[in-house]
Protein chains: 2
Amino acid sequence: MTPATLERSKRWLAQGDLRPTRQRLALAALLVGDGENRHVTAEGLHGAVLATGDRVSLATVYNTLKAFCDAGLMQEVTVDGSRSYFDTRMDDHPHFHFEDSGRLTDAPAGELEIVALPSIPEGYEIAKLDVVIRLRKKA
Amino acid sequence: MTPATLERSKRWLAQGDLRPTRQRLALAALLVGDGENRHVTAEGLHGAVLATGDRVSLATVYNTLKAFCDAGLMQEVTVDGSRSYFDTRMDDHPHFHFEDSGRLTDAPAGELEIVALPSIPEGYEIAKLDVVIRLRKKA
DNA sequence: CTATGTGCAAATCTTTTGCAGGCTA
DNA sequence: TAGCCTGCAAAAGATTTGCACATAG
């Protein structure tokens, strides 16, 4: 891990008032180490961290991802009933979900334009607007 | 079950080339018996069918809902990572998801207007466009 | 030093599957 | 009758939890 990556990871954890433990730094480095947004599953991230040589248990990956979400550093995205995806980008934005590979990416921002929303039931407000564009390989 | 409900349920199963067994009729009656669209979870539907006095195992509810989807009679809607919802309405349409109760409903049709979609990656086409408006109780 | 984190294994929850017997066409 | 269906229990997969030990501030 480069010093820049370490620095960025520490700052990121500090934003969420989370202590920079070895495991959290290892995960943070993979998530925000290069400043890019990431979309990961717990299992995928676990595999990635093991590949770097660090040892982190899968349960800790789950707990840590949840801690990152609670701290407002990431958000969970629901795209597939069987798996949870975690996104380092925090604003509401549309996603592409590739049915063949299961990969999740941001859809180019600003290109989705919603003009009118259905009127919200009395007493409620919008917590989140999820848009998932499911893609299948063209025949 | 009224004769009209029975008739409608039988026709519905016939549309999907599914045999009208006792269990399927019991579930179909709850799903389309009154001509309204329904949004159910497997567990919720199981509870409902038990309440009518019919006995259907939970595994059969799962298998039957999946059979209904495969037959093109319903679609599965992904709104919450932990549970699957099944919708008797077959076209793409936005949903309201009530965070307090977990209930899922259709958002008033036609009131959502999407003007521009992000451009789709080369070689792919849209399989499905999911829009879920998550609602929280107003403070 | 004290409160937070972590690891592991076991528990939980939802959904799927194998197989023997039942029922529709 | 033949093949599709069902029930049950057990399996499977993802995620959470309990508890003893480790560690950041």
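Quick note: numbers below take in every heavy atom, side chains included, and nothing from hydrogens, waters or symmetry partners.
Straight-line distance from the CZ atom of A:Arg55 to the C1' atom of D:dA22: 13 Å, rounded to whole Å. A straight line from CG of B:Leu25 to C1' of C:dC23 spans 13 Å, rounded to a whole angstrom. In this structure, A:Phe68 places its CZ atom 13 Å from C1' of C:dT6, rounding to the nearest Å. With rounding to whole Å, B:Leu13 atom CG is found 10 Å from C:dA25 atom P. When the C1' atom of D:dC5 is taken as reference, atom NZ of B:Lys66 falls 15 Å away, rounded to whole Å. For the pair B:Asp80 CG and C:dT14 C1', the computed distance is 12 Å after rounding to whole Å. Nucleotide D:dG13 holds its P atom 10 Å from the CD atom of A:Glu43, rounded to whole Å. Between the P atom of C:dT17 and the CG atom of B:Leu58 lies a distance of 15 Å, rounded to the nearest Å.
If you find the closest nucleotide of DNA chain D to B:Leu18 and to B:Ala59, the one lying nearer the 5' end belongs to B:Leu18. Across the interface with DNA chain D, nearest-nucleotide mapping of B:Thr64 and A:Phe86 shows B:Thr64 to be the residue nearer the 5′ end. DNA chain C is contacted by both B:Ser84 and A:Asn63; A:Asn63 maps to the nucleotide lying nearer its 5′ end (nearest heavy atom per residue).
The phosphate of D:dT6 has OP1 or OP2 within less than 4.0 Å of a side-chain N or O from B:Arg24. For B:Gln23 and D:dG7, the shortest distance from a side-chain N or O to OP1 or OP2 is below 4.0 Å. One finds a side-chain N or O of A:Arg22 lying less than 4.0 angstrom from the OP1 or OP2 phosphate oxygen of C:dG7. Contact between the side-chain N/O atoms of B:Ser82 and the OP1/OP2 oxygens of C:dC13 is not found at any separation under 4.0 Å. Contact annotation: B:Thr21 side-chain N/O to D:dT6 OP1/OP2 distance is under 4.0 Å. At D:dT15, one or more side-chain N or O atoms of A:Tyr62 fall inside 4.0 Å of OP1 or OP2 (strictly under the cut-off).
The distance between the ring centers of B:His95 and B:His93 falls below 6.0 angstrom. Two rings, from B:Phe68 and B:Phe86, have their centers 6.0 Å or more apart.
The pair A:Asp100-A:Arg136 does not meet the salt-bridge criterion, since no charged nitrogen lies less than 4.0 angstrom from a carboxylate oxygen. The pair A:Asp87-A:Arg38 fails the salt-bridge criterion, with no side-chain N (NZ, NE, NH1 or NH2) lying under 4.0 Å from an Asp/Glu carboxylate O.
Residue A:Thr60 is classed as a base contact, given a heavy-atom separation below 4.0 Å to a base.
In the set C:dG7, C:dT24, C:dT14, C:dG7 carries the atom at the smallest distance from any side-chain atom of A:Ser57. The side chain of A:Ala42 sits closest to D:dT15 out of C:dT17, D:dT15, D:dG25.
Counting non-hydrogen atoms of other residues, nucleotides and ligands closer than 6.0 Å to CZ of B:Arg8 gives a total above 12.
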